[in-house]
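A short write-up of the structure that comes next.
Below, read A as the first sequence line, B as the second, and so on, with proteins coming before strands; counting in each chain starts at 1. Note that this is a predicted model, so its numbers are computed, not measured.
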Amino acid sequence: MLEKAYAPEAVESKWIEAWKRADLFHSEPDPGGKKSYTIVIPPPNVTGALHMGHALNNTLQDVLVRYHRLTGREACWVPGTDHGGIATQNVMEKQLKAEGVTRQQLGRGKFLDRMQDWVRECKSTILGQLTRLGCGLDFGREAFTMDEARAKAVHYAFKKFYEEGLVYRGERMVNWCVRCGTALSDIEVEFEEKKGHLWHMRYPLKDDPKRFLTVATTRPETMLGDTAVAVHPKDERYADWVGKELSLPLTGHALTVVADEHVDRAFGTGAVKVTPFHDPNDFEIWQRHEREMPAPRQVIGLDGKMTDEAGAYAGLPREEARKKIVADLEALAGADGEPILEKTEAYKHSVGTCYRCNQPIEPLVSEQWFMKMEAVAEKAVAAVDDGRFTIYPESWKKPYRDWLVNIRDWCLSRQIWWGHRIPVWYDADILADRIRVSVEHGGVVVKGTLREALDAGVPFETVRDAGRYRYESGGKAAGGALRVGAEIPEEGRWLQDQDVLDTWFSSALWPLSVFGWPEKTEDFKFYYPTSVLVTGYEILYLWVARMQMMGLHFEGTVPFHHAVMHGIVRDKRGKKMSKSLGNVIDPLVVMDKYGTDATRFALASLAYPGKDIPFAEDSITGPRNFANKIWNLTRFVLDYALKNETPPAGGYSLDSLDRGSLELADRWILSRYEETAEAVRASMAGYNIAAAADALYGFLWDEFCDWYVELSKSGLDDAARLPVIRAILVQVLTGSLKMLHPFMPYITEELYENLRAYAGESADFVLRAGAPAPEGWKDPGSVASMGVVMDAVRSLRALRAQLNVPPALKIKAFHSGDEAELRALAPHAGYVRHLARLEALEAAANGRPAQSATAVSRKLTFFVPLAGVIDFDRERTRLTKEIARVAKELEKCRKQLTNASFLERAPVDEVDKIRARQDEFESMHSSLAATLESLGES
RNA sequence: GGGCCGUUGGCGCAGUGGUAGCGCGCUCCCUUGACAUGGGAGAGGUCAUAGGUUCAAAUCCUAUACGGCCCACCA
C-alpha cells in the first residue's frame, strides 16, 4: 500500500542506494553492438557547492542520458570536476586570509597541499550533490581536469602545439589582473559601463610653451608613461604639429607628435595621448611609430603600484596616484598662465574587469605563452558550416561563428600556483644570467639572477623547489635552452616554467582526455566523438569553441555532434542570482522541501531552448503537486482498479484486447497516449526538453486523470469491462511513467516497482525495462468523438455551476438536437451521466420541459428540469451572455463565408471547416434563442 | 558601433499562417468512494506600435519604441 501523499525523502534515498548497488549507470564499450550515447559533464569547478545553474545543467543532461538509455542506446555519462584555476585559488586565498596567512608565506608546496585537501573535500560534496539530484553518471569514470591522466593529455597537447609552432612565448600586451596577480585571456575580461571622468589636459609645445595640444584621458595616472601624442594623418588642424616635440606636464618628459590612422578626428580635439605600455591601442601605435618617439616607460607595476619610472608618484597604488596627479594638475598653470587641466567632464565608459574578482584590468606588457588560433579556428568554422557540428538553438550559430572568424591569439599562461604547471623546462646553465630568482636561503632572501644566487651559495635544488624564479628572455630563447613536454628532463640543471596553464586549456581537452586520449583506448574508440554537450551559453567561447577546435585539430573530428545551450537560472524578476542580491536559491534546500523530482521537473519544464529560466520557489509547487498527482493516480490503479489482487501471469496486456470492441474512451485514451509518445519523441529529438515535459504533464493530468480515470470508475463493477479497464490503466500508466522517468526518476522508479508485475514486466529498474514500445495504433475518430462527449459534459457542468445546483444533487436531463449527433452520443450517454452527475439522460420527446434550464453544446441541446432550484433571472442572464458569445462567433463565420476571395482561394478543407462551424453556431444560437424566448413568456 | 533575442491575460511563459493556450495568482462552488499537493465552474488578453504581404497574421516582411544579452571597444 502506498502512502496517501508522496513523501520524497525515503523514496529518494532508497533508490539512490539501489542504483548504486546495481551500478545501474555503468557503461562498457560495446563495439558492434549497441550504439553509444555519450555525454561528458561540464565539470563543475571545485570552488564549493553546486548552485541552481548546476542543477539545471545536470538535470537536462540526465534527462537526455536516461531517455537514450531507455531507447536502447549504450549511454555513458562521464562525471568529473574542474580544478578551476584562478577561481579556486581565490577561494583558498580567502580561507588563508581568514587564518591570517598569505600563500606566499605558506610557500608553493604547502599551498598546493592545502589545495589538494580542499579539492578532495569539494569533489565529494559535488559528486554527492549530483547523486542526490538523481544523475545517472557512470561514477567509475570520474575524472578531474588536473589528475594524472588529464595531465598526460595536457602535456601531450601542449608539446604538439609547440612543435607545430602554434604555441609560442612572447612579450605582448596582456590583460593583467592586479588583484589575482596574473594575466588573463581576452575573453576572461568583462566590460562594464562605469561612471568616470574625462580629463582634458594641455600639453605644451617644447619650443613654444605657449602653444598647446589638448588631449583627454580617463586614466590620468597613465600620463606619466606618455611618449607621444597622436593625430590623424589627414587632420589639417595638426598637419604642422606632426614631428614636433611636446613636453609632458608634471615631469617634463619629451613627447613626439605622430600621425596615425587609428585616431578618430571627430572625438574630442582629435589629438590623443599615447602611453605604449598601458593601453593596447597605444601599444600598437608605438609599434608602428617606434622610431619616431622616445622609449616607452612602464609606470604601473604588476602589483598595481606606480613604478620607479613614475618619479614622485612611485610606490603609490594606481588609484592614489590618479588622485594625486589630478590634484597636482589642478594646481598647475601653463606658460600662458591658464590651467594645464583645461576641464573635467563626467564621462561614462566601459572598464575591463576581471571575470573572477571583478577588479579593473590593467593592460600591461609582459612575457607570456600564447597560442596561435587562426588555423585551428578555421577547422571549427568549417565544421559548423558543413553541419558536422550543430548548436541548439540555432540562434547561437552566428555569434559562435563570428567569434571564431575574429579569433585572436590565446594567452595561455597564468601567474598563479593552482593549475597545470607549464610543461616547459629551461636550461639553467645557458640562461643563468636571464633567470631571476627570489629565494630564501639561510633566512636571507636572495634576489637576483640565478648566477648570482648560485654564486652566493644557494643550492640549485633550493631554487628549483622554491619555485619563485622568473625566466626573462628579453627575446627569443636560444636553441636548446628550453624543453617542452617532458615530465622531468633527464639531465642538466633544468628549471620548470613557474607559470601554470589557463584552466580552460585542460577543459578544452576534456572530451578527449576523459577517455584516455592521447592513447587510442577502447573507451576512446567507442565513446568518442561524444553525442551532445549541454552547457550554458555564457561559456560558448570560453569552452565549447575551444573543445571543438581541439577535437578537430587533434582527431579531425568534432568532440560532440550537438551542443545544447541553455539559459541562466534567474530569479522571478529576471535578475541573476547572486549572494550580494540575496536572491540565491539553494538547490539542496529546494530538494529537501519539495523533492528532487519536483525540482528537476520544474527546471526541465522551464528550460525552453536558449531561454533564461525565471525561477522561484513557487515554480516548484506545480511540479510537486504533479508528483503527488501521479502518486495518487497509481494508488488508485493499485488499490481500487486492481484491488491489490495478485497479478495474473503475464500481467494485464493490451495485446489481449480486441481493439474493435473497445469503448470510445478506451480508444480515445490509447490514441492520445500514442500521440503523446510521438510528441515526446519529436520534442526530445529537437532538444526541446521543456516541450516534452509539458506534453507528459498535460496528458497525465488533464486527459488521463481528469477524464479516463474518472470514466473508468463506473466500469470497475462491470465484470465485462474490468479486464479491459485494468489493462488500459496499467499499460498506459506504466508506459507514461517510463516516459516520465528521465524527468522524475525517483518517483517513477518507486511506482514502477509497484506496477511492473501487473504490467507483465520484471525489470528491476525502469532503465532496464526500456521505453514503452510504440503501439502503432491510433483511432483519430475517437479523439473527435470524445470531444463531443467532453463538450457535452462541460456544458452541463457549467449549467450546474452557474445556476448554483448543489454538486451532490442528482439531476435529470433531456436532450434534443441534430439527429446524427444524437445518434453519435447515444452509446456514450453513460459517460455524460457519470461525469455530469445526472441520474438520467433521456430524449426530450415533448420539447423543452417546463421549469428547466438549457445547456447547448455543438448541435446538442440539454434541458434540465429544475423546478424549485432554478433561478430564472440567473438563467436569463446566462443565456443572454451565451447568445452574445455565439452570435459573435457566428458573425465571424458569416463574414468569411460571404467573402468571395476566401471561398475562391482558401483550401476546400478550410472552407468546409468554417461551414461546419457556422452550422454548429447556428444550431446553438437558435436553440438558445428559443429557450430565452420561452423563458420570457413564462 | 555591430549582432542576437524578447515584447502574448495580474505575474512567469508556450504557441511560426487558419475559432488565443499553460502554470501561478484571483472569484464562486465542492471534505463526490486516488489525490484539498484535489475536483468543478468562472473572470481576465484589440498577442508593444505603425505599415505591408495574404482569402486569412500572435505567427511572414519592413520600420519604430521599449527591455535584455553578446561582441567590438571609444582616447
Side-chain angles (χ1 to χ4, degrees), chain A residues 2 4-6 186-187 191 198 215-219 222 230 262-264 266-275 279-282 347 349-350 352 393 395-399 402-403 406 537-538 540-541 567-568 572-574 594 598 602 605-606 608 610-616 618-619 621-641 688 690-691 694 697-698 702 705-706 709-710 713 716 793-794 797-802 804-808 835-837 888-889 892-893 896 899-907 909-911 913-914 917 921:
Chain A
L2 300 176
K4 190 172 173 184
Y6 174 53
D186 293 330
I187 35 177
F191 286 90
L198 193 57
V215 296
T217 183
T218 55
R219 304 195 56 200
T222 63
H262 171 261
V263 179
D264 176 2
F267 188 93
T269 57
V272 54
K273 70 189 220 33
V274 178
T275 320
D279 181 277
N281 289 312
D282 293 2
Y347 190 69
H349 62 130
S350 69
S395 51
W396 282 109
K397 179 179 168 176
K398 190 176 153 58
D402 288 351
W403 185 79
N406 298 310
Y537 58 71
E538 70 272 19
L540 180 61
Y541 313 128
I568 294 166
K572 251 312 162 38
R573 281 177 309 182
Y594 298 92
S605 59
L606 287 167
Y608 280 90
K611 297 256 179 151
D612 283 348
I613 286 122
F615 195 86
D618 64 22
S619 311
T621 56
R624 188 267 316 262
N625 297 350
F626 179 54
N628 191 57
K629 187 79 181 173
I630 61 168
W631 180 265
N632 280 289
L633 163 63
T634 308
R635 213 159 66 93
F636 166 77
V637 171
L638 291 171
D639 297 353
Y640 292 83
N688 194 342
D694 277 356
Y697 182 97
D702 301 337
C705 286
D706 285 354
V709 167
E710 286 312 313
K713 289 175 181 172
L716 293 178
V793 170
R794 285 192 195 105
R797 282 172 172 171
L799 179 151
R800 295 186 67 125
Q802 284 156 24
N804 283 342
V805 178
L835 295 172
R837 303 186 64 77
K888 217 170 119 192
E889 295 299 332
K892 270 206 279 199
C893 293
Q896 268 193 295
N899 183 343
S901 47
F902 171 71
L903 296 171
E904 216 171 283
R905 306 202 187 197
D909 284 359
E910 192 54 34
V911 177
K913 228 164 81 184
I914 303 291
R917 195 184 300 159
F921 282 126

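Counting any heavy atom pair closer than 4.0 Å across all strands shown, A/Tyr594 reaches no nucleic acid atom. Contact annotation for A/Arg219: no contact, since no heavy-atom pair falls under 4.0 Å across all strands. Residue-level contact check: A/Cys893 touches neither bases nor backbone, having no heavy atom under 4.0 Å from any strand. Note on A/Tyr640: only backbone sugar-phosphate atoms sit closer than 4.0 angstrom, heavy atoms only; bases stay farther off.
Rounded to whole Å, the distance from CZ on A/Phe902 to P on B/rC55 is 12 Å. In this structure, the CZ atom of A/Arg917 is 4 Å from the C1' atom of B/rU19, given to the nearest Å. Remark: P of B/rU31 and NZ of A/Lys4 are 15 Å apart, rounded to the nearest angstrom. Residue A/Arg905 contributes atom CZ, which lies 17 Å from atom C1' of B/rA57 at whole-angstrom precision. Atom-to-atom, CD of A/Glu904 to P of B/rC55 comes out at 10 Å; the value is rounded to the nearest Å.
For B/rA14 and B/rG9, the P atoms lie 13 Å apart once the distance is rounded to whole Å. With P as the reference atom, B/rG23 and B/rG40 are 11 Å apart, rounded to whole Å. Comparing the same atom, C1', in B/rA57 and in B/rC47 gives a spacing of 11 Å after rounding to whole Å. Atom name C1', nucleotides B/rC26 and B/rG10: the rounded distance is 8 Å, in whole Å. Atom P of B/rC22 sits at a distance of 15 Å from the matching atom of B/rG15, rounded to the whole Å. Between B/rU53 and B/rC61, the two C1' atoms lie 7 Å apart (nearest whole Å). For the C1' atoms, the distance linking B/rA48 with B/rC5 amounts to 15 Å, nearest Å.
Ranking B/rG6, B/rA75, B/rC70 by closeness to the A/Val263 side chain, first place goes to B/rA75. Distances were taken from every side-chain heavy atom of A/Pro614 (C-beta onward) to each of B/rC13, B/rC71, B/rC69; the shortest belongs to B/rC13.
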- Stepwise side-chain contact (heavy atoms from CB on, under 4.5 Å) check, A/Tyr537 with A/Ile568: CA-CA 8 Å; A/Tyr537 58 71; A/Ile568 294 166; 3.5 Å; yes
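For A/Asn625, a side-chain nitrogen or oxygen approaches OP1 or OP2 of B/rG38 to under 4.0 Å.
For A/Lys913 and A/Asp909, the salt-bridge test fails: no basic side-chain N is under 4.0 Å from an acidic carboxylate O. The pair A/Lys572-A/Asp618 meets the salt-bridge criterion, with a side-chain N (NZ, NE, NH1 or NH2) lying under 4.0 Å from an Asp/Glu carboxylate O.
The strand RNA chain B forms stems, runs of 3 or more Watson-Crick or G-U wobble pairs with distances below 3.5 Å, at B:1-7 with B:65-71, B:10-13 with B:21-24, B:26-30 with B:38-42, B:48-52 with B:60-64.
Positionally, the nearest nucleotide of RNA chain B for A/Asp618 lies more toward the 5' end than for the other of A/Asp618 and A/Ser350.
For a distance-only test at 3.5 Å, the side chain of A/Lys629 qualifies as a donor-acceptor partner of the base of B/rC35.
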